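A short worksheet on the structure shown next.
These figures come from a predicted structure and were not determined experimentally. Convention: sequence-line order gives letters A, B, ...; per-chain numbering from 1.
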Number of protein chains: 2
Amino acid sequence: MNKKLYHKVIDYINEEITSGNLTIGDLLPSETQLSKLLNVSVGTVRKAIDKLENSNLLYRHHGKGTYVSDYGFDNSMFNFFSYGSETGSSIRIYKTTPIRKKTTATTEVALQLEIERGADVIYLERRGYIDEKNPIIIEKSWWIAEVVEGLQKPNIHIPDLLYALIYKKFATQIITSKEVLTAGIADSKTAKILHINKGDPVVILNRYSYAKDKGLVEFRITTGRADMFSYRTTIGNNDY
Amino acid sequence: MNKKLYHKVIDYINEEITSGNLTIGDLLPSETQLSKLLNVSVGTVRKAIDKLENSNLLYRHHGKGTYVSDYGFDNSMFNFFSYGSETGSSIRIYKTTPIRKKTTATTEVALQLEIERGADVIYLERRGYIDEKNPIIIEKSWWIAEVVEGLQKPNIHIPDLLYALIYKKFATQIITSKEVLTAGIADSKTAKILHINKGDPVVILNRYSYAKDKGLVEFRITTGRADMFSYRTTIGNNDY
DNA sequence: TAGTGGTCTAGACCACATA
DNA sequence: ATGTGGTCTAGACCACTAC
């Protein structure tokens with residue numbers, strides 16, 4: 001489809017990660033190794049890694065190498081948690097999947113997934129923990145049924161890194177996720193799960209995930225405690 | 001301080017923008033022109049513009065040129081507004097400055113600005129409008145007094161693009177802003193100004209602005225209506 | 001010292017926009 | 001046809017990390 005050479009490199013790295021050959025914290029081949037392996041110049045490899053570093057999938061460590069970061073597709077803006085005034089560095093979130101079922105799309109879900117109302121969808125509800133006790137996020141996720149048919153079966157173990165499973169089991173490679181962040185207040189049901197009071201502020205994140213050759217396949221709503229969440233960016237120059 | 005050549009280019013462009021020589025929507029000199037002007041290679045110019053494009057200060061238009069965007073220092077994450085399910089493209093916000101005064105730092109402000117409690121600060125309170133009627137954001141801003149001494153005087157006109165004024169009048173060039181986004185609920189005072197109900201969700205953005213050779217000079221809290229705000233990002237590959 | 005990523009250059013060629 | 005940004009190359013040299 002796209003004839004840019006650096007896509008060859010990006011695709012290669014993406015696939016190594018999505019397939020699980022490379023996972024969080026792993027070291028990539030060096031830039032010169034990759035350039036030989038894929039028959040492109042080092043400059044092209046650098047450009048590809050630049051892009052992936054920019055989208056937080058990789059990070060470089062001068063003198064050591066390039067690593068797979070934990071800010072990839074399987075995570076999200078919700079990596080940026082903070083406790084009071086702490087550093088806000090990434091924290092690993094453990095997930096459970098208390099609800100999974102095959103169902104039909106409501107009007108809202110159909111709209112978001114761009115499918116017909118009443119079409120089959122696979123629904124997952126997950127909870128995210130930083131310790132073993134209290135969930136701090138609730139994740140509701142709808143998948144187009146034909147893409148992940150069988151994911152709802154209780155005998156399938158759903159790992160923390162869901163997308164690696166989706167790739168292996170359903171040959172579906174998530175390439176892009178779009179996220180929209182806003183604020184809201186907790187209803188009584190949400191408040192109960194998150195151990196906060198009804199009416200407390202929550203952060204709401206909508207995610208749309210796109211698979212290679214398949215387009216939009218997942219719509220997800222994540223709700224998190226506002227007091228546990230902050231998102232950080234820098235405008236202007238980072239080097240100063 | 002830093003011997004990277006592309007900083008020469010970044011500094012040049014930053015100064016052109018901060019000084020007002022170039023402003024939102026303006027066309028930059030072409031890459032070859034810049035490379036001749038600053039005696040660096042085109043590749044170095046490209047690298048500098050890459051960085052500035054990445055931090056949303058500039059955008060390129062293939063075949064036409066490179067332009068100053070409206071996502072610069074003077075704006076922020078709060079550029080990303082949306083109405084219902086619309087595109088969420090950038091919308092110009094008009095600002096008024098109903099309150100300005102010289103005062104002393106509270107414990108909280110002193111902590112954030114890393115100064116002594118009770119030290120002199122200049123306080124500005126601004127409101128942001130998209131139409132002429134109802135403000136959708138409230139901006140409270142504290143500056144280190146010695147940096148912008150006189151800004152509180154009522155005869156100084158405060159433009160929408162505050163940082164251009166700060167540069168011209170106080171020789172202070174804002175280089176970097178760090179922003180931290182979270183959610184909260186409106187207290188009665190805030191709710192009244194924003195025309196929402198007490199307890200409604202709001203988005204809260206803290207900003208720390210750093211000036212060249214001066215370090216941290218401004219701390220700002222912006223509060224916005226959650227129903228008017230959403231922040232968008234993409235994880236993974238943008239090119240697909 | 002060897003290997004990694006980081007900067008910089010110079011030039012070829014491609015793709016888009018405009019007149 | 002000309003000028004702009006976009007891709008790709010090949011190579012020199014620097015800076016950080018490890019042994």
Side-chain angles (χ1 to χ4, degrees), chain A residues 1-14 16-17 22 24-71 234 237-240, chain B residues 1-14 16-17 22 24-71 234 237-240:
Chain A
M1 188 75 88
N2 204 324
K3 49 225 152 352
K4 289 164 192 159
L5 240 192
Y6 64 75
H7 273 161
K8 195 172 169 182
V9 185
I10 288 180
D11 287 346
Y12 174 81
I13 295 172
N14 262 338
E16 287 291 295
I17 294 173
L22 288 174
I24 295 175
D26 283 358
L27 182 63
L28 264 72
S30 77
E31 296 176 350
T32 49
Q33 282 175 323
L34 282 173
S35 86
K36 281 169 192 160
L37 177 64
L38 300 171
N39 287 306
V40 297
S41 78
V42 180
T44 301
V45 172
R46 284 192 64 75
K47 183 159 197 169
I49 294 180
D50 281 350
K51 294 233 172 199
L52 294 174
E53 187 183 27
N54 234 293
S55 49
N56 277 325
L57 199 65
L58 305 176
Y59 63 92
R60 299 199 239 225
H61 196 145
H62 195 169
K64 293 175 84 174
T66 302
Y67 299 83
V68 180
S69 93
D70 54 356
Y71 292 97
T234 301
N237 206 309
N238 253 313
D239 292 350
Y240 283 90
Chain B
M1 188 77 88
N2 205 325
K3 48 228 148 350
K4 289 163 192 158
L5 240 194
Y6 63 75
H7 273 160
K8 195 172 169 181
V9 185
I10 289 180
D11 287 347
Y12 175 80
I13 295 172
N14 262 338
E16 287 291 293
I17 294 172
L22 289 174
I24 295 174
D26 283 358
L27 181 63
L28 265 72
S30 78
E31 297 177 349
T32 48
Q33 281 175 322
L34 283 173
S35 86
K36 281 169 192 161
L37 177 64
L38 301 170
N39 287 305
V40 298
S41 79
V42 180
T44 301
V45 171
R46 284 192 64 74
K47 183 159 199 169
I49 294 180
D50 279 350
K51 294 234 172 198
L52 293 175
E53 188 183 27
N54 233 293
S55 49
N56 278 324
L57 198 64
L58 306 175
Y59 63 91
R60 299 199 240 224
H61 196 144
H62 194 168
K64 293 175 83 175
T66 302
Y67 299 83
V68 180
S69 92
D70 54 356
Y71 292 97
T234 301
N237 205 312
N238 252 315
D239 291 350
Y240 283 89

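Rounded to an integer number of Å, the gap from B/Leu27 CG to D/dG3 C1' is 12 Å. A straight line from CD of A/Glu53 to C1' of C/dG5 spans 10 Å, rounded to a whole angstrom. Nucleotide C/dC14 holds its P atom 12 Å from the NZ atom of A/Lys3, rounded to whole Å. Note: CG (B/Leu52) to C1' (D/dG5) measures 16 Å, nearest angstrom. If you measure from atom CG of A/Asn54 to atom C1' of C/dG6, you get 15 Å, rounded to the nearest angstrom. Rounded to whole Å, the distance from CD on A/Glu31 to P on D/dC8 is 16 Å. Across the protein-nucleic acid pair, A/Lys47 atom NZ and C/dC14 atom C1' stand 12 Å apart, rounded to whole Å. Counting to the nearest Å, the P atom of D/dC8 and the NZ atom of A/Lys4 are 8 Å from each other.
Comparing D/dT4, C/dT7, C/dG6 by their closest approach to the side chain of B/Tyr6 singles out C/dT7. Listed candidates were D/dG5, D/dT7, C/dT7. Nearest to the side chain of B/Ser30 is D/dG5.
By the 4.5 Å heavy-atom criterion applied to side chains, B/Val9 and B/Leu52 are not counted as neighbours. Side-chain atoms of B/Leu38 and B/Val45, non-hydrogen and from C-beta on, never get closer than 4.5 Å to each other.
Sequence neighbours left out, the pairs with a member in residues 26-39 of chain B that pass salt bridge (Lys or Arg N to Asp or Glu O under 4.0 Å) are B/Glu31-B/Arg46, B/Glu31-B/Arg60. Within the structure, ring pair (Phe, Tyr, Trp, His ring centres under 6.0 Å) pairs that include any residue of residues 31-51 of chain B do not occur (at least two apart or interchain).
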Using the 3.5 Å cut-off, write out each protein N or O paired with an N or O of nucleotides 10-13 of chain C and the distance between them.
none

Quick test: give all pairs of protein nitrogen or oxygen and nucleotides 16-18 of chain D nitrogen or oxygen below 3.5 Å, distance rounded to 0.1 Å.
residue, atom, partner, partner atom, Å
D/dA18, OP1, A/Lys64, NZ, 3.3

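Although no hydrogens or angles enter the test, the distance criterion places no donor-acceptor pair under 3.5 Å between the side chain of A/Thr66 and the main chain of A/Leu28.
Nearest-nucleotide positions on DNA chain D place B/Ile49 closer to the 5' end than the other of A/Thr44 and B/Ile49.
Between B/Tyr67 and B/His61, the shortest heavy-atom contact is CE1-CB, 3.9 Å. The shortest non-hydrogen separation linking A/Ile10 to A/Ala48 is CG1-CB, 3.7 Å.
For A/Leu5, the side-chain contact (heavy atoms from CB on, under 4.5 Å) partners at least two apart in sequence or on another chain are A/Lys8, A/Val40, A/Thr44. For A/Tyr12, there are no ring-ring contact (aromatic ring centres under 6.0 Å, His included) partners, not counting sequence neighbours.
At D/dG5, one or more side-chain N or O atoms of B/Thr66 fall inside 4.0 Å of OP1 or OP2 (strictly under the cut-off). OP1 or OP2 of C/dG6 lies within a sub-4.0 Å distance of a side-chain N or O belonging to A/Arg46.
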